[in-house]
Amino acid sequence: MARTRKKIASEARCDLKPCAYVMMAVAIGSLVISYLMLEKQMEIRENVEAQSRFKPEHVNPVRTLLLPSPGQETVEKHENSDISKGVLSNPAVVVVAHNRVEYLKRTLESLLESTAVNLFQLYVSLDSPHDFSRMEDTIYSVSKEIKVLKMRSPRIDTAFERSGIGRISRNHEFALAQSFSKGHSHVIVLEEDLLTSKDFLRFFIQTAPILDKDPSLFCVCAWNDNGHQSIAWDQRRVFRTEYFAGLGWMISKKEWDRLQGKWPNVPSTGWDHWMRLSTSNDRRECLAPEISRTKHIGEHGVNVMGGSQNSLYASWGFSNLSPGEDSLGDLSYLQKERYESKVKEIVANAYNSASSDVLVLYTAENFKTIAQKYHLWQNQPRGTHRGLILVQQRDKSYIVFADQRKAKAYLRSSDIIRPNSVGELFAGKPGQSCTTVCRAKGKRCEEKELNFANTCEALLAKFPCEAGCGHQMGLEIPSYVTDPKERTYQQCLVSDEVYPKCNAKHPITARLCICI
């Protein structure tokens with residue numbers, strides 16, 4: 001319009017007042033038109049943004065707060081195409097937070113840099129009323145589009161509810177219940193001390209179709225417990241595992257409807273340990289990346305020991321795939337039947353001396369030694385699939401770590417450790433050791449047999465387990481809590497970190513023993 005006005009003025013070459021009035025009218029009209037066009041653009045943008053926040057299924061093919069680069073534009077069209085198919089019809093991300101302002105700010109800033117963040121409604125769930133004000137100030141300093149959920153007080157005022165582990169468990173339950181109640185199809189859960197990679201959300205968008213179609217899966221996780229940089233390298237590889245890793249994870253509304261009814265009142269070692277129990281996940285698996293999409297930055301907190309733990313997390317790989325280069329490719333290999341077929345092929349190759357695949361056998365008792373040698377997670381076997389841990393090497397061969405008790409579907413008969421055929425399950429009385437229980441039956445206890453009883457299913461065969469199955473650490477586990485004064489009263493307890501001894505006993509529990 002500026003060039004048009006200049007042309008009119010130069011052609012007229014008129015100093016008369018009427019000509020001046022004409023020129024003034026043209027200029028004013030031009031400004032009005034420009035203003036109306038700008039107003040209309042702002043109205044359109046606001047409508048598009050409102051639709052994307054509340055009805056992502058109707059979002060335009062490309063919508064971003066900043067002008068996208070050509071690569072970004074291609075990615076966002078693809079992402080919106082995925083959502084329009086109903087795979088993630090109305091997704092959300094909820095960050096579970098307490099009072100660590102410095103971590104929350106960094107977590108939110110990294111999340112807002114993730115590709116496709118505009119397709120997700122963002123929430124922060126707070127559990128400390130004393131810190132609500134300063135936490136909200138931090139949240140809104142990052143973005144005023146983030147919605148805040150406030151858990152005001154424990155539903156039952158007990159010592160456990162007030163403890164760090166109890167509060168975290170209840171906040172996770174609250175955050176999931178609140179976000180799903182707002183109509184979301186899928187929710188991704190983060191914690192306030194986790195940074196996210198650029199392709200964090202893209203990872204969930206691409207794996208969601210497999211999650212929704214395969215009933216043998218219940219979640220997608222962004223973290224690999226065996227993601228040490230020395231053994232993890234393939235940023236596009238995804239695997240199946242029955243070990244729930246957390247640290248950035250997604251479930252569907254259908255899955256939450258199932259979990260909500262059984263969420264534990266007292267997950268004594270943490271809600272995440274409870275999620276790993278077979279009675280919680282119905283023996284189903286999660287999808288996880290070889291290279292993690294989250295990075296742990298916390299140096300203090302309920303489950304953070306600092307020092308060596310921080311050094312450990314620092315050595316984990318972290319995805320650096322950029323927009324336009326973050327496609328995971330065809331993920332149909334993750335479907336149960338195809339995956340099982342491939343796993344059996346890998347194990348068979350590992351038995352072949354001419355193959356570059358390697359088989360490493362282990363038991364619960366010697367796993368920590370093996371894990372330390374190969375840079376696996378050391379506390380207990382993690383990232384497992386039916387007793388196997390598969391580590392892909394750079395030449396695409398595999399190191400196969402196989403639990404001789406649990407990987408019987410894949411191992412040769414000579415390598416499988418089976419329970420003694422004459423062994424029997426017996427429920428002890430409170431305070432009794434398995435040595436005493438077995439002696440009273442005219443039998444004996446052997447410690448290598450006790451691990452076969454360390455399951456929720458075995459406990460349910462002998463005890464009522466009215467308060468469900470739980471995780472705990474102790475040499476007398478597996479056991480049933482019999483003391484009404486205990487917060488875990490009537491729970492059946494298993495452990496994946498400390499292994500049972502025949503002579504162990506505890507006055508508040510009744511042991512489950514295998515006697516031969």
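All of these numbers come straight from a predicted model, not from anything done at the bench. Residue numbers start at 1 and run along the sequence shown.
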Would you call the rings of [X] and [Y] parallel, tilted or perpendicular, where under 30° means parallel and over 60° means perpendicular?
X: H375; Y: H228; value: parallel
X: F463; Y: Y480; value: parallel
X: W263; Y: W274; value: tilted

Hey, does the side chain of [X] reach the backbone of [Y] with a donor-acceptor pair shorter than 3.5 angstrom?
X: S169; Y: G166; answer: no
X: T241; Y: L287; answer: no
X: N171; Y: S125; answer: yes
X: E290; Y: R237; answer: no
X: K262; Y: T279; answer: yes
X: N90; Y: G183; answer: yes
X: T488; Y: Q491; answer: no
X: T269; Y: H471; answer: yes
X: T107; Y: L194; answer: yes
X: D403; Y: A364; answer: no

Sub-4.5 Å side-chain heavy-atom contact between [X] and [Y]:
X: Y123; Y: Q178; result: no
X: V391; Y: N226; result: no
X: M275; Y: N281; result: no
X: Y339; Y: H385; result: yes
X: L359; Y: R412; result: no
X: N420; Y: I514; result: no
X: Y103; Y: H98; result: no
X: L176; Y: Q260; result: no

Greater than 12 external heavy atoms within 6.0 Å of [X]'s [atom1]:
X: R258; atom1: CZ; answer: yes
X: E466; atom1: CD; answer: yes
X: K368; atom1: NZ; answer: yes
X: K373; atom1: NZ; answer: no

Approximate separation, where rounding is to 0.5 Å, of [X] [atom1] and [Y] [atom2]:
X: R236; Y: S327; atom1: CZ; atom2: OG; answer: 7.0 Å
X: K253; Y: H184; atom1: NZ; atom2: NE2; answer: 12.0 Å
X: C221; Y: F204; atom1: SG; atom2: CZ; answer: 7.5 Å
X: N349; Y: K344; atom1: CG; atom2: NZ; answer: 14.5 Å
X: I389; Y: R382; atom1: CD1; atom2: CZ; answer: 11.0 Å
X: I399; Y: I346; atom1: CD1; atom2: CD1; answer: 12.5 Å

Nearest heavy-atom pair of [X] and [Y]: which atoms, and what distance?
X: A116; Y: I205; answer: CB-CD1, 3.9 Å
X: S143; Y: L112; answer: CB-CD1, 3.9 Å
X: E242; Y: R386; answer: OE1-N, 2.6 Å
X: V93; Y: F120; answer: CG2-CD2, 3.8 Å

- Message: As a quick check of understanding, evaluate side-chain hydrogen bond (donor to acceptor under 3.5 Å, both in side chains) for D199 and Q206, giving each step before the final call.
- Response: CA-CA 10 Å; D199 66 330; Q206 293 179 82; over 6 Å; no
- Message: With salt bridge (charged side-chain N to carboxylate O under 4.0 Å, His left out) as the criterion, how do D326 and K198 come out once you've worked through the C-alpha distance, each side chain's angles and the decisive distance to 0.1 Å?
- Response: CA-CA 9 Å; D326 54 8; K198 296 282 188 183; over 6 Å; no
- Task: Give the C-alpha distance, both sets of side-chain angles, the deciding distance and a yes or no for salt bridge (charged side-chain N to carboxylate O under 4.0 Å, His left out) between E340 and R240.
- Result: CA-CA 10 Å; E340 279 302 305; R240 298 175 62 114; over 6 Å; no
- Test E457 against S278 for side-chain hydrogen bond (donor to acceptor under 3.5 Å, both in side chains), laying out the working first. CA-CA 8 Å; E457 289 76 13; S278 58; 2.7 Å; yes
- Show the numbers, then the answer: is there a side chain to side chain contact (heavy atoms under 4.5 Å, CB included) between V187 and W256? CA-CA 9 Å; V187 172; W256 173 242; over 6 Å; no
- Query: Looking at F218, F200, F203, W271, which hits ring-ring contact (aromatic ring centres under 6.0 Å, His included) with W249?
  - Reply: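 Answer to the ring-ring contact (aromatic ring centres under 6.0 Å, His included) test with W249 among F218, F200, F203, W271: W271.
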- Message: Among L512, I477, L493, which residue satisfies the side chain to side chain contact (heavy atoms under 4.5 Å, CB included) criterion with N454?
- Response: I477
- D212 and H186: CA distance, side-chain angles, deciding distance, side-chain hydrogen bond (donor to acceptor under 3.5 Å, both in side chains) verdict: CA-CA 10 Å; D212 281 13; H186 298 74; 3.1 Å; yes
- Task: With side-chain hydrogen bond (donor to acceptor under 3.5 Å, both in side chains) as the test, would you mind laying out the steps for S332 and Q335 before giving the verdict?
- Result: CA-CA 6 Å; S332 61; Q335 294 171 354; 5.5 Å; no
Should [X] and [Y] count as an ion pair when the cut-off is N to O under 4.0 Å?
X: D496; Y: R276; value: no
X: R284; Y: E255; value: yes
X: R106; Y: E109; value: no

- Message: Taking the ring centre of each residue, are W377 and W223 less than 6.0 Å apart?
- Response: no
- Query: Step by step, would you call L376 with F401 a side chain to side chain contact (heavy atoms under 4.5 Å, CB included)?
  - Reply: CA-CA 10 Å; L376 301 175; F401 300 90; 4.0 Å; yes
- Query: Taking atom types as modelled, is there a side-chain donor on E497 or Q380 under 3.5 Å from an acceptor on the other?
  - Reply: yes
- Message: Go through it in stages, so that I can follow the logic: the residues are L201 and I188, the test is side chain to side chain contact (heavy atoms under 4.5 Å, CB included), and I'd like the CA-CA distance, side-chain angles, deciding distance and then a yes or no.
- Response: CA-CA 9 Å; L201 296 173; I188 298 170; 3.8 Å; yes
- Query: Would you say C492 and C456 have SG atoms less than 2.5 angstrom apart?
  - Reply: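 No, because the SG atoms of C492 and C456 are not under 2.5 Å apart, which misses the disulfide cut-off.
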- Query: Passes side chain to side chain contact (heavy atoms under 4.5 Å, CB included), V117 versus E145? Steps please.
  - Reply: CA-CA 12 Å; V117 67; E145 299 296 328; over 6 Å; no
